[in-house]
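Comments concern the structure below.
Just so you know, these numbers use all the heavy atoms, side chains as well, and skip hydrogens, waters and symmetry mates.
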Amino acid sequence: DLEKNKNKKTHTLSHKKYFLTPTPTQTNPSGEEERETWGKKIDFLLSVIGFAVDLANVWRFPYLCYKNGGGAFLVPYLFFMVIAGMPLFYMELALGQYNREGAAGVWKICPIFKGVGFTVILISLYVGFYYNVIISWAMFYLFSSFTGELPWVHCNNTWNSPNCSDWADNGSVSDIYKATPAQEYFERAVLHIQDSNGIDNLGRPRWQLTSCLAVVIVLLYFSLWKGVKTSGKVVWITATMPYVVLTVLLLRGVTLPGAIDGIKAYLSVDFLRLCDAKVWIEAATQICFSLGVGFGVLIAFSSYNKFSNNCYRDAIITSSINSLTSFFSGFVVFSFLGYMSQKHNVALDKVARDGAGLVFVIYPEAIATLPGSSIWAVIFFIMLLTLGIDSAVSIHTDTHSYIPLVSQIAYLFLENLQALFSFSPLPLQGGMYVFTLLDHFAAGTSILFGVLIEAIGIAWFYGVDRFSDDIEEMIGHRPGRYWRLCWKFVSPCFLLFMVVVSFATFNPPNYGSYMFPAWANMLGWCLAMSSMTMVPLYAIYKLCTLPGKFCDVSL
C-alpha cells in the first residue's frame, strides 16, 4: 500500500506497482533534502518570463498574425491559449514545485513515465547546441555595428556578388535574381555560404563565428556557475532589457514614414481566414512552442520555489506576459516593415518575412537607413543577445538540474565543450545547412510528443485527483473544475491532434532553393526519434526489471 500523504490521501497500489510509487510528505520542504531556492520571488518570475519570451516572439508571431488574417488570428491563438497553453503551463509549474525535482526526477511519482523526462532533457540539449549559434550571429552583428558606417549598406564590398542591388522600384520579375546588401552581408559575409555547395560540402571553419560562439559559451558558463543564485541575478538584465529596447524601437518606428500603414496591415481583420484549417494549426503550433512547455525548463525552475509558493498565480501572470509580449513586438516589427515598404515602393508582403531573415536581413537594412544607424544597430543586437542568452540559460538550467553526482561547474564545462566541438560543423561556411536541419528536426514533432506523454502520465496514471490534492497542499485550495477537465481531456486531445497533424503535414527542410538530400532527412528523423524513443525504451526497461507480472496491473 502507498503510505499516507500527511492528513491527505490513502491509495492502494497492489495493482499499480508498475506505475505509481509513494510521494514523500513535503509539508516542510527543507526537511526532505537540501535544495537551492530562488533568492527572491521576482528572480523566479523573471527567469520564467525570460525563458518563455525569446527570439520567436520577435521573429515569428508578428508574421504569423499578418499572414493569417491579422487581428482575426488572435481568435484561434487565444482559444488554444485558454484550453491548452495555460493549463499545461500551470501543470508543469505545479509538478516541479511539489516534487522539487527536475524534468526526469519528478517522475518518481510515476516511474514508468520517467522516459519522458529523458526525452525533454535530450531535446533541450539538442536545441541548446544550435540555439547558441543564433546568439553568436547576434554577437557578430553587434561587433560589426561599432563603426561609422554599417557594413551592410552598400554593394561595393569584397563579399558582394554581381546580383547585389537595392530593392527595385518597379517590382519586375528580374527582382527575384537580385539580393540586397543586407541579405548578402548575412549570407556571404557572416556565413560565407557561397563557399559551400550544401550539407555534404561544408567548407572551412569560420574563425570569427567560432570566436563569437566561444564568447557566448563563456557568458552562459558564468551565468550558471553558481546555479539559480547566479542566473536569478542575470535575468534582472536579460529579461528586462528586451522590453526597454522594444519600447525604444517602437517610439522610433512609429515616427517613420509608412509605419502606420505597416501597423494597419498587422492589425487588419480578415475573419474569412478563420475558415482555413491551416490558420488554426499554425495558431496551435505557436502556442505550444511560444510558452516553452515540454522543454522541462518550467519544471526545473519551479522546483527551486518554496513549497507554499502560489504557482497558480505565477502561471497566469507569466503565460499572459508572454502572449502580450508577442503581440506588442508586432507593432515594432510592422512599423519598420511599413517603413521599408514605402521606402522601396514595394508591397508589404515583399518585405514581410519571419525567422532569421527578419532579424538579420530586414531589420538591419531598415536600421541602416536611420540617422545614427550604428547606435540603433547596437541597441537592436543587444536586445537579440539578451533574448537569446535568457532562453539559453534556461535550457542549460534544465539539463543540469538532473545531474546530482556531478558538480554544476564541471557539468556545464563539459556540456558547453560538447556544444563547441561536437557541433563544430555549425561555424563552418556551410554551417547554415546543419543549423537548418537541426532546427527542423530537433524540437518539432518530438516536443509535442513529449508534452503529450507528460499530460497522459499526470492525468491518467498519476491521476488528476491526486495531482489536485498536491496543489491544494501547496497553495491551500484545489484547482477548479475547468483546470481538471483541461488536464484530463482537453489538453491531451489537443496534443494528440497536434502530433498527428505534425506527422501528416511534414515537409522536408530546405534553405532557399536548396533541398536537403535523402540521407540528411534520414539523419534528421534519427535525431528526432532518438529523443522520442526514450519513452518506450524506459517503460520496457521498468517493466522488465520490476517484480511481478504485467497481467497483475489494472488501471
If you look at every heavy atom in [X] and [Y], which pair is closest and at what distance?
X	Y	result
Ile447	Gly294	CD1-O, 3.0 Å
Leu291	Phe51	O-CE2, 4.2 Å
Pro151	Asn157	O-ND2, 3.5 Å
Leu348	Ala265	CD2-CB, 3.3 Å
Leu150	Ala368	CD1-CA, 3.9 Å
Met498	Ile281	CE-O, 4.1 Å

Quick check: are there more than 12 heavy atoms from other residues, nucleotides or ligands sitting under 6.0 Å from [atom1] of [X]?
X	atom1	answer
Arg188	CZ	yes
Ile375	CD1	no
Met515	CE	yes

Got a donor-acceptor contact below 3.5 angstrom from the [X] side chain to the [Y] backbone?
X	Y	result
Ser341	Leu337	no
Trp152	Gln183	no
Thr386	Met383	yes
Gln286	Tyr77	no

Aromatic rings Tyr433 and Phe516: how do their planes relate, parallel, tilted or perpendicular, breaks at 30° and 60°?
perpendicular

Mutual orientation of the aromatic rings belonging to Phe360 and Phe381 [parallel < 30°, tilted 30-60°, perpendicular > 60°]:
parallel

Is any side-chain heavy atom of [X] closer than 4.5 Å to a side-chain heavy atom of [Y]?
X	Y	result
Phe327	Leu74	yes
Pro76	Leu274	yes
Leu250	Val254	yes
Leu267	Phe331	yes
Phe73	Val279	yes
Asn322	Phe89	no
Val120	Ile299	no

Between [X] and [Y], does any side-chain donor sit less than 3.5 Å from a side-chain acceptor?
X	Y	result
Asn57	Ser326	yes
Thr369	Tyr339	yes
Ser161	Glu184	yes
His344	Glu365	yes
Tyr266	Ser335	no

Which residues pass the side chain to side chain contact (heavy atoms under 4.5 Å, CB included) test with Ser446, sequence neighbours left out?
Ile123, Ser531, Met532

Side chain to side chain contact (heavy atoms under 4.5 Å, CB included) involving Leu251 - partner list, sequence neighbours excluded:
Thr247

Strictly under 6.0 Å, is that where the ring centroids of [X] and [Y] end up?
X	Y	result
Tyr126	Phe441	no
Trp137	Phe186	yes
Tyr66	Phe334	yes

Drop me the distance from [X]'s [atom1] to [Y]'s [atom2], to the nearest 0.5 angstrom.
X	Y	atom1	atom2	answer
Leu370	Trp376	CG	CH2	7.5 Å
Thr318	Leu46	OG1	CG	11.0 Å
Gln342	Leu256	CD	CG	10.0 Å
Met241	Asp390	CE	CG	11.5 Å
Phe118	Met534	CZ	CE	9.0 Å
Trp159	His192	CH2	NE2	8.5 Å

Criterion side chain to side chain contact (heavy atoms under 4.5 Å, CB included) on Leu452 and Leu448, from CA distance to verdict
CA-CA 6 Å; Leu452 171 63; Leu448 295 173; over 6 Å; no

With Val351, the side chain to side chain contact (heavy atoms under 4.5 Å, CB included) member among Thr180, Val346, Leu358
Val346

Checking Tyr130, Phe435, Phe506 against His440 for ring pair (Phe, Tyr, Trp, His ring centres under 6.0 Å), the one that qualifies is Phe506

Leu495/Leu88 under side chain to side chain contact (heavy atoms under 4.5 Å, CB included): CA gap, chis, key distance, verdict
CA-CA 10 Å; Leu495 290 166; Leu88 293 170; 4.0 Å; yes

Which residue pairs satisfy the side-chain hydrogen bond (donor to acceptor under 3.5 Å, both in side chains) criterion with at least one member in residues 502-523, sequence neighbours excluded?
Glu187-Tyr511, Thr445-Ser502

Might you work through the side chain to side chain contact (heavy atoms under 4.5 Å, CB included) test for Leu209 and Val190, ending with a clear yes or no?
CA-CA 8 Å; Leu209 292 181; Val190 178; 4.0 Å; yes

Please determine whether salt bridge (charged side-chain N to carboxylate O under 4.0 Å, His left out) holds for the pair Arg273 and Asp276, giving the CA-CA distance in whole Å, both sets of side-chain angles, and the decisive distance to 0.1 Å.
CA-CA 5 Å; Arg273 293 286 293 150; Asp276 187 352; 3.4 Å; yes

Before you tell me yes or no, could you show the steps for Tyr141 and Tyr363 under side chain to side chain contact (heavy atoms under 4.5 Å, CB included), namely the whole-Å CA-CA distance, both residues' side-chain angles and the distance that decides it to 0.1 Å?
CA-CA 12 Å; Tyr141 269 84; Tyr363 245 109; over 6 Å; no

